Enquirer: 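This is the structure I have questions about; it appears just below.
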Amino acid sequence: MFNRNYTDAGWKISYQINVMMYPLPTYEENLEFMKNWCCERTKWIEEHFAPMSLRYLTGDCDGSGVIDVNDVTAVQSLVAELNDDPDGKCALRGGVTGTALSIEDATAIQKYLADIDTPYHIGEVGIM
């Protein structure tokens, strides 16, 4: 498992934990190396763990990436038990009041769409 961690990430096993590489000749080269390493590591993490797929907009019940009247309808349909939400994601995204999904969530989203202030964090990014 330890060796695979290195090979899958494209690292050389010859580097040991807590042992730094030899510095490059100039500050600029070292800075460029660090930037490149950070970019490559970020790409690797995104490819293997897809962290961005865990983000959502609070109030975006239907998961379209936009908060609109369709989200109000999706909340209402769930509250009325007209639609199923087997993985609970719609309720999570549509639940803006911090309590069990209710018609209050739909009302809060409607107020947000009408530019009426609410105490809720509608439109902010959440993480599942």
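Since the structure is predicted, the reported quantities are computational estimates derived from the model, not experimental observations.
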Enquirer: Determine whether more than 12 heavy atoms belonging to other residues, nucleotides or ligands lie under 6.0 Å from atom CG of Asn36.
Expert: yes
Enquirer: So, for Cys61 and Ala74, which heavy atoms are closest and what is the spacing to 0.1 Å?
Expert: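 The answer is SG-CB, 3.6 Å.
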Enquirer: Pick from Leu101, Leu78, Leu92: which one makes a side-chain contact (heavy atoms from CB on, under 4.5 Å) with Asp85?
Expert: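 Option passing the side-chain contact (heavy atoms from CB on, under 4.5 Å) with Asp85: Leu78.
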Enquirer: For Asp87, I'd like to know if atom CG has over 12 heavy atoms of other residues, nucleotides or ligands within 6.0 Å.
Expert: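 Yes, CG of Asp87 has more than 12 neighbouring heavy atoms, counting only those of other groups under 6.0 Å.
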Enquirer: Hey, could you give me the OG1/CG distance between Thr58 and Asp105, rounded to the nearest 0.5 Å?
Expert: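 One finds 11.0 Å between OG1 of Thr58 and CG of Asp105.
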Enquirer: Is there a path of hydrophobic side-chain contacts, each under 4.5 Å between heavy atoms of I/L/V/M/F/W/Y residues, joining Val125 to Ile109?
Expert: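 Both belong to a single hydrophobic cluster.
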Enquirer: Any chance CD of Gln76 has more than 12 other-residue heavy atoms, nucleotides or ligands included, within less than 6.0 Å?
Expert: yes
Enquirer: Glu32 versus Glu29: any side-chain heavy-atom pair under 4.5 Å?
Expert: no
Enquirer: Identify whether Tyr112 and Val75 are in the same connected component of the hydrophobic contact network (ILVMFWY, side-chain heavy atoms under 4.5 Å).
Expert: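 Yes; tracing contacts between hydrophobic side chains, which count when under 4.5 Å, links both residues.
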Enquirer: Let me check something: do Tyr27 and Met34 share a hydrophobic cluster, defined by ILVMFWY side-chain heavy atoms less than 4.5 Å apart, either directly or through other members?
Expert: yes
Enquirer: Identify whether Val72 and Val96 are in the same connected component of the hydrophobic contact network (ILVMFWY, side-chain heavy atoms under 4.5 Å).
Expert: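 Yes, same cluster.
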Enquirer: Would you give the length of the straight line joining atom CG of Asp62 to atom CG of Asn83, rounded to the nearest 0.5 angstrom?
Expert: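 Reported to 0.5 Å precision, the distance equals 11.0 Å.
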Enquirer: Are the side chain of Asp60 and the backbone N or O of Ile67 linked by a donor-acceptor pair below 3.5 Å?
Expert: no
Enquirer: Rounded to the nearest 0.5 Å, what's the gap from OG1 on Thr42 to CD on Glu47? Could you check?
Expert: 11.0 Å
Enquirer: Say you draw a straight line from CD of Gln110 to OG1 of Thr73; how long is it, rounded to the nearest 0.5 Å?
Expert: 8.5 Å
Enquirer: Is the side chain of Asp68 donor-acceptor paired with the backbone N or O of Asn70 at a distance under 3.5 Å, no angle test?
Expert: yes
Enquirer: Same cluster or not: Val79 versus Tyr120, using hydrophobic residues (I, L, V, M, F, W, Y) connected whenever any side-chain heavy atoms lie under 4.5 Å apart?
Expert: yes
Enquirer: Going through the distances and angles, do Glu40 and Lys43 end up as a salt bridge (charged side-chain N to carboxylate O under 4.0 Å, His left out)?
Expert: CA-CA 5 Å; Glu40 292 300 315; Lys43 281 196 290 188; 3.2 Å; yes
